[in-house]
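In what follows, a single structure is set out as structure tokens and then discussed.
Here is how names work: the chains are called A, B, and so on, in the same order as the sequence lines, proteins then strands, and each is numbered from 1.
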Protein chains: 2
Amino acid sequence: MYSSQYWYLQNHSLFKHLNSNDLNEICLIAAYKTVRKGDIIFFSEENNGRVFTLKKGSLKIVRIDVEGNEIVKDILKVGDLFGSLDLLESNEDEYAIVLSDTATFCSFKAADFEKFIENKPEVAVKYTKWIGFWFKRLENRYSNIMFKDVKTRLLNFLKDIAKDHQTDPDGYVSLPNYLTHQDIASLICSTRQTVTSLLNSLKSEGIITYSRKEIKVKISVL
Amino acid sequence: MYSSQYWYLQNHSLFKHLNSNDLNEICLIAAYKTVRKGDIIFFSEENNGRVFTLKKGSLKIVRIDVEGNEIVKDILKVGDLFGSLDLLESNEDEYAIVLSDTATFCSFKAADFEKFIENKPEVAVKYTKWIGFWFKRLENRYSNIMFKDVKTRLLNFLKDIAKDHQTDPDGYVSLPNYLTHQDIASLICSTRQTVTSLLNSLKSEGIITYSRKEIKVKISVL
DNA sequence: TTGAGTTTGTCGGCTAAAAGACTATTTCCG
DNA sequence: CGGAAATAGTCTTTTAGCCGACAAACTCAA
């Protein structure tokens, strides 16, 4: 018999191979929380230096730049880590907004995790690799932005979210759409107007169909 | 009494706090090498999955994109880590070119380092933080490229290399210049011609002077 | 159901900077 | 030294896509 908290942790690839004693230990430093759509998770104040793992739902990471613009940095889904991944403080100008109806996540203080890691070297190595993956992901995202035109970037963005979804028998992938054109623009580093007109030209090319709730993408094009 | 190899490792912040037994251990998995200007370090083949630390000199990291263009990804200096930082394989399309007259570096197999880490969790935590720093650095570099115009990016680039150099009494920082305009263009994501004319306009504004060997930057402007 | 707020659609002007073409200068090496 | 290769300088042309302005469509709460 195990508590649901155990299940959550065990289900996360970072902790999958830990036994129940280990889980017991990390549960002591982990805190769970469920929040609703539109809720904001700030990384400053009491959350500063915390690492979060998303258990359910999806959210977007937003940064406020020096001019006060909102920049959508990333869209996260179940299993992703966020927060102070580098085990360092700060991130004052960043926060997360819940996109799905509800989201559940657990979190622990980077400092506590650090202590935990020191006794669980397998976890340390796994964590290191995890960070390495994200590093590569960031590199790819950015080189995409710098060397591809907006249309390609938009298609790559669609491809990226489509890859974790089932293909319908008609050859389309149906993606629930939590994002405004403004959000998408921010993610692919473009403008609202450009995204709108590109989406419409993709629509008239028969590559996608979309409403405000859903985007369907012809999988063969990606 | 210690060998010069010990000194090298000990001098690197990642290994600074290890005692001589630990150093002995990691020396067994580390290999040293000195190379000359223009030499190329490939990350594929026998170097695949290796982590390097630069002991002396400077080098540039180059990537070949799908269209065959050389993209200068980074300029590294003493103390920097490069190679398979994520402890993973691949990086086939990347290599390093030595810029200084000579360069010395040591390297170890990611797999060996991993084993080492499992017995030295403090090193794992340090390594994770190290990667975290680079993560942030990458984020900053790219947000710079995406949200600033070319002139600002060029000035930021100069600021960045100026920050580890002494200021002359005349208020200028003298930077040895290993880079062509093409290299600089690639680093700040612009074109050769644009860099050339921007450098010349900065020169006529009295902000910099430069030859092919050296760039002098008025520190007050940065 | 109504009207305020938010998100989408469309257009044309505008500009930074890429791209191309050619020349001038410097470097390198036999 | 001399001549080829690499690098830098300066034009002009072209263009992707940003930006403002405004209208249409949708959403939601009172």
Side-chain angles (χ1 to χ4, degrees), chain A residues 36-38 60 62 65 67-72 97 99 101 144-158 176-205 208-216, chain B residues 36-39 60 62 65 67-72 97 99 101 143-158 176-205 208-216:
Chain A
R36 291 206 319 280
K37 184 172 188 164
K60 63 177 178 182
V62 180
D65 71 7
E67 283 95 28
N69 309 308
E70 283 203 345
I71 300 153
V72 179
I97 299 183
L99 295 171
D101 292 333
N144 190 31
I145 285 165
M146 292 186 295
F147 301 116
K148 305 281 158 59
D149 65 10
V150 179
K151 187 165 186 176
T152 311
R153 268 138 60 192
L154 180 58
L155 281 169
N156 282 341
F157 164 77
L158 291 173
N177 180 25
Y178 303 121
L179 301 171
T180 65
H181 293 181
Q182 179 59 65
D183 283 339
I184 297 173
S186 188
L187 277 166
I188 65 174
C189 245
S190 178
T191 56
R192 207 217 85 221
Q193 296 93 320
T194 305
V195 167
T196 299
S197 61
L198 278 177
L199 281 177
N200 282 320
S201 73
L202 287 175
K203 190 193 268 183
S204 63
E205 289 170 41
I208 64 170
T209 61
Y210 73 96
S211 68
R212 297 198 180 191
K213 301 256 165 54
E214 181 196 53
I215 304 182
K216 286 187 149 211
Chain B
R36 291 204 320 279
K37 184 172 187 162
D39 283 355
K60 63 176 178 184
V62 180
D65 71 7
E67 282 95 30
N69 309 309
E70 285 203 344
I71 300 153
V72 179
I97 299 182
L99 295 171
D101 292 333
S143 84
N144 190 31
I145 286 165
M146 292 186 292
F147 301 115
K148 304 282 158 60
D149 65 9
V150 178
K151 187 164 184 179
T152 311
R153 267 139 61 191
L154 181 58
L155 281 169
N156 282 342
F157 164 76
L158 292 172
N177 180 26
Y178 302 123
L179 301 172
T180 65
H181 292 183
Q182 179 60 65
D183 284 339
I184 297 174
S186 188
L187 276 166
I188 64 173
C189 247
S190 177
T191 57
R192 207 217 84 223
Q193 295 94 319
T194 305
V195 167
T196 299
S197 60
L198 277 177
L199 281 177
N200 282 320
S201 71
L202 287 174
K203 191 194 266 182
S204 62
E205 290 171 42
I208 65 169
T209 61
Y210 74 95
S211 69
R212 296 199 181 193
K213 300 255 165 54
E214 181 195 55
I215 304 183
K216 285 186 150 211

Where along nucleotides 21-27 of chain C does protein come under 4.0 Å, by heavy atom, of base (B) or sugar-phosphate alone (S), with - for untouched nucleotides?
B---BSS
Would the distance check show the side chain of A:Arg153 and the main-chain N or O of A:Asn144 forming a donor-acceptor pair, the cut-off being under 3.5 Å?
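No, A:Arg153 side chain to A:Asn144 backbone: no donor-acceptor pair under 3.5 Å.
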Is there a side-chain contact between A:Tyr178 and A:Ile97 in this structure, where contact means two heavy atoms from C-beta onward sitting under 4.5 Å apart?
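In short, these two side chains do not touch, never coming nearer than 4.5 Å.
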Test side chain to side chain contact (heavy atoms under 4.5 Å, CB included) on B:Tyr210 and B:Asn177; report intermediate values, then the result.
CA-CA 9 Å; B:Tyr210 74 95; B:Asn177 180 26; 5.7 Å; no
Check side chain to side chain donor-acceptor pair (under 3.5 Å) between A:Asp149 and all other residues, then give those that pass, not counting sequence neighbours.
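Here the qualifying residues are A:Thr152.
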Side chain to side chain donor-acceptor pair (under 3.5 Å) partners of B:Thr191, counting only residues at least two apart
B:Thr194
Atom-pair distance ([atom1] on [X]; [atom2] on [N]), nearest Å:
{"X": "B:Leu198", "N": "C:dA16", "atom1": "CG", "atom2": "P", "value": "12 Å"}
{"X": "A:Lys37", "N": "D:dC28", "atom1": "NZ", "atom2": "C1'", "value": "13 Å"}
{"X": "B:Ile208", "N": "D:dA8", "atom1": "CD1", "atom2": "C1'", "value": "13 Å"}
{"X": "B:Met146", "N": "C:dA16", "atom1": "CE", "atom2": "C1'", "value": "18 Å"}

With [X] via side chain to side chain contact (heavy atoms under 4.5 Å, CB included) - residues at least two apart:
{"X": "B:Ile71", "result": "A:Phe147, B:Asp65, B:Ser186"}
{"X": "B:Ser197", "result": "none"}
{"X": "B:Thr180", "result": "B:Gln182, B:Asp183"}
{"X": "B:Thr196", "result": "B:His181, B:Arg192, B:Asn200"}

Expected output is a numbered-order residue list: members of residues 181-189 of chain B with a heavy atom under 4.0 Å from any atom of DNA chain D. What is it?
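B:His181 - these, ordered by number, are the residues of the stretch whose heavy atoms sit under 4.0 Å from the strand.
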Worked verdict on A:Leu202 versus A:Leu154 for side chain to side chain contact (heavy atoms under 4.5 Å, CB included):
CA-CA 10 Å; A:Leu202 287 175; A:Leu154 180 58; 3.9 Å; yes
Under 4.0 Å between a side-chain N or O of A:Asn200 and OP1 or OP2 of C:dT10?
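Indeed, a polar side-chain atom of A:Asn200 lies that close.
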Residue-phosphate contact under 4.0 Å: B:Tyr210 side-chain N/O, D:dT7 OP1/OP2:
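Looking at the OP1 and OP2 atoms of D:dT7, neither is under 4.0 Å from any side-chain N or O of B:Tyr210.
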At 4.0 Å (heavy atoms only), tell me whether B:Thr196 reaches a base, stays on the sugar-phosphate, or touches nothing.
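Contact class for B:Thr196: base.
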What bend angle does the helix from C:dT1-D:dA30 to C:dG30-D:dC1 show across its length, from five-pair end axes and to the nearest 10 degrees?
40°
The salt bridge (Lys or Arg N to Asp or Glu O under 4.0 Å) partners of A:Lys151 (sequence neighbours excluded) come to A:Glu205
Residues passing the salt bridge (Lys or Arg N to Asp or Glu O under 4.0 Å) test with A:Lys203, sequence neighbours excluded, are none
Contacts under 3.5 Å, N or O only, protein and nucleotides 14-17 of chain D:
unit_1 : atom_1 : unit_2   : atom_2 : d
D:dG17 : OP1    : A:Val150 : N      : 3.0

Side chain to side chain contact (heavy atoms under 4.5 Å, CB included) between B:Met146 and A:Ile145, worked out
CA-CA 8 Å; B:Met146 292 186 292; A:Ile145 285 165; 3.4 Å; yes
